[in-house]
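Residue numbers start from 1 in every chain, and the chains themselves are labelled A, B, ... in the order their sequence lines are given, proteins ahead of strands.
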Amino acid sequence: MPELPEVQTVVSTLGPLLRGRRIDAVRLMRQDIVSPKGANLPELLTGRKILQITRRAKRIVVSLDTGENFYIHLGMSGRLSVVPRDLPIQPHTHLLLDFAQSQLRFVDPRRFGGIFWLGRDESPDDGLGPEPLQLRTPQLAKRLARTTRAIKNALLDQTLIAGLGNIYVDEALFAAGIHPLTPANRLSSPQITRLNRSIKQVLRRAIHHRGSTLRDYRDPNDEAGRFQNLHRVYHREGKPCPKCKTKIAKIVLGARSTHFCPRCQRIK
DNA sequence: AACAGCACCTGTAGGC
DNA sequence: TGCCTACAGGTGCTGT
């Protein structure tokens, strides 16, 4: 469910609530959400203090006072919330961290998300391409030149560029006027320049509006995002294109729905 | 070796 | 109302 803007919103909300707090107790209801398989989270976390919470792509990285780190991935349906300890526990709650005055809960019905403990030789960057908000155009051009896949699929590949998902790829391609099926290595250099600008613009706006809530995304204070109201193509099939009024099309690409304007986004 | 396709899970919305 | 299917914001594996 969450892409970079939603994860950024979660991280900015959690930071002030948890920074400097000591973990008094840990309750892990399902071991199978933890990686590596055998990691003993209660033992690793109890008594530790949280130094800071940061984001890398869609990973929520928690740094501890021991110098150790782990990250949380929300998958499609994962949610983190900070609540009073005595609030009733809802179904699919897999992990509870107790602090003096509050409790952090990880709830994830589909269990595509999880908690990833990082060993001394591991980094939250492992397996990830560059951050889209820091990406320079020559770097993007170089990476896209290496592949013939459809640009939509290439942008979803987290090793190529890390943090975009289905919504924001469709929105960025629309903003740049690029057809999602265009082979990545066939983009012209003006197109790549526009694409890089569009990606940043879409992500910044989405972060400003605290992400998109389509079904059930919520920040740790249980608040919905607002950016879904500003989507121009995503989930708008059959509705008029905001630029030219042509009906927005929906196709399936790599098993993901893909939305675009057939008139504004042509394959060159 | 890169890449398409599917599997992994559960909840929900929409059609009949 | 109720049943059944399709689909959902992600990623990792498998087979070509």
For C/dG10, does either OP1 or OP2 sit under 4.0 Å from a side-chain N or O belonging to A/Q158? no
Base, sugar-phosphate alone, or nothing: which one does A/D157 contact when heavy atoms must sit under 4.0 Å apart? nothing
If you measure from the C1' atom in B/dC6 to the same atom in C/dC7, how many Å do you get, rounded? 15 Å
From B/dA4, C/dT11, B/dT10, pick the nucleotide closest to the side chain of A/H92? B/dT10
How many whole angstroms separate atom CZ of A/R79 from atom P of C/dA8? 20 Å
Smallest heavy-atom separation, A/L4 atom then A/P132 atom, equals CD1-CG, 3.8 Å
By nearest heavy atom, map A/P91 and A/A255 onto DNA chain B; which one lands nearer the 5' end? A/A255
Could you check how far CG of A/L164 sits from C1' of C/dG10, rounded to whole Å? 13 Å
Value for CZ (A/R22) from CD1 (A/I50), rounded to nearest 0.5 Å, stands at 11.0 Å
Would you say B/dC8 has OP1 or OP2 under 4.0 Å from some side-chain N or O of A/R110? no
Give a yes/no answer on whether the side chain of A/S257 brings an N or O atom under 4.0 Å of OP1 or OP2 in C/dC7. no
Whole-Å gap separating P (B/dT10) and CZ (A/F112): 9 Å
Quick one: label A/I167 by what it contacts on the DNA or RNA (base, sugar-phosphate, nothing), any heavy atom closer than 4.0 Å. sugar-phosphate
Tell me who clusters with A/F116, hydrophobic residues only, linked when side chains sit under 4.5 Å apart either directly or through other members. A/V61, A/Y71, A/L118
C/dT11 OP1/OP2 closer than 4.0 Å to side-chain N/O of A/H73: yes
When you check the phosphate oxygens OP1 and OP2 of C/dG10, does a side-chain N or O of A/R256 lie under 4.0 Å from one of them? yes
Just how far, in rounded Å, is C1' of B/dC8 from CD1 of A/I33? 16 Å
Around A/H179, counting heavy atoms of other residues, nucleotides and ligands shown, do more than 12 lie under 6.0 Å from its NE2? yes
Is the A/W117 ring parallel, tilted or perpendicular to the A/F70 ring (thresholds 30°, 60°)? parallel
With a 4.0 Å cut-off on heavy atoms, is A/G165 in touch with a base, just the backbone sugar-phosphate, or nothing at all? sugar-phosphate
Pairing donors with acceptors under 3.5 angstrom, does anything connect the side chains of A/D219 and A/T9? no
With a cutoff of under 4.5 Å between side-chain heavy atoms, which Ile, Leu, Val, Met, Phe, Trp and Tyr residues group with A/I248? A/F174, A/V233
Using a 4.0 Å heavy-atom cut-off across all strands, classify A/T148 as base, sugar-phosphate, or nothing. sugar-phosphate
Within less than 4.0 Å of OP1 or OP2 of B/dC3, is there a side-chain N or O belonging to A/T147? yes
Working note: A/E3 + A/Y217, criterion side chain to side chain donor-acceptor pair (under 3.5 Å); need CA distance, chi angles, decisive distance, verdict. CA-CA 10 Å; A/E3 307 180 31; A/Y217 163 74; over 6 Å; no
Given pairs defined as Watson-Crick or G-U wobble with both distances under 3.5 Å, what dot-bracket annotation applies to DNA chain B, with ( ) intrastrand, [ ] crossing, | other strand and . unpaired? .|||||||.|||||||
What's the closest nucleotide to the side chain of A/R215 if the choices are B/dA4, C/dA8, B/dT10? C/dA8
Check this one for me: any side-chain N or O of A/K250 less than 4.0 Å away from OP1 or OP2 of C/dA8? yes
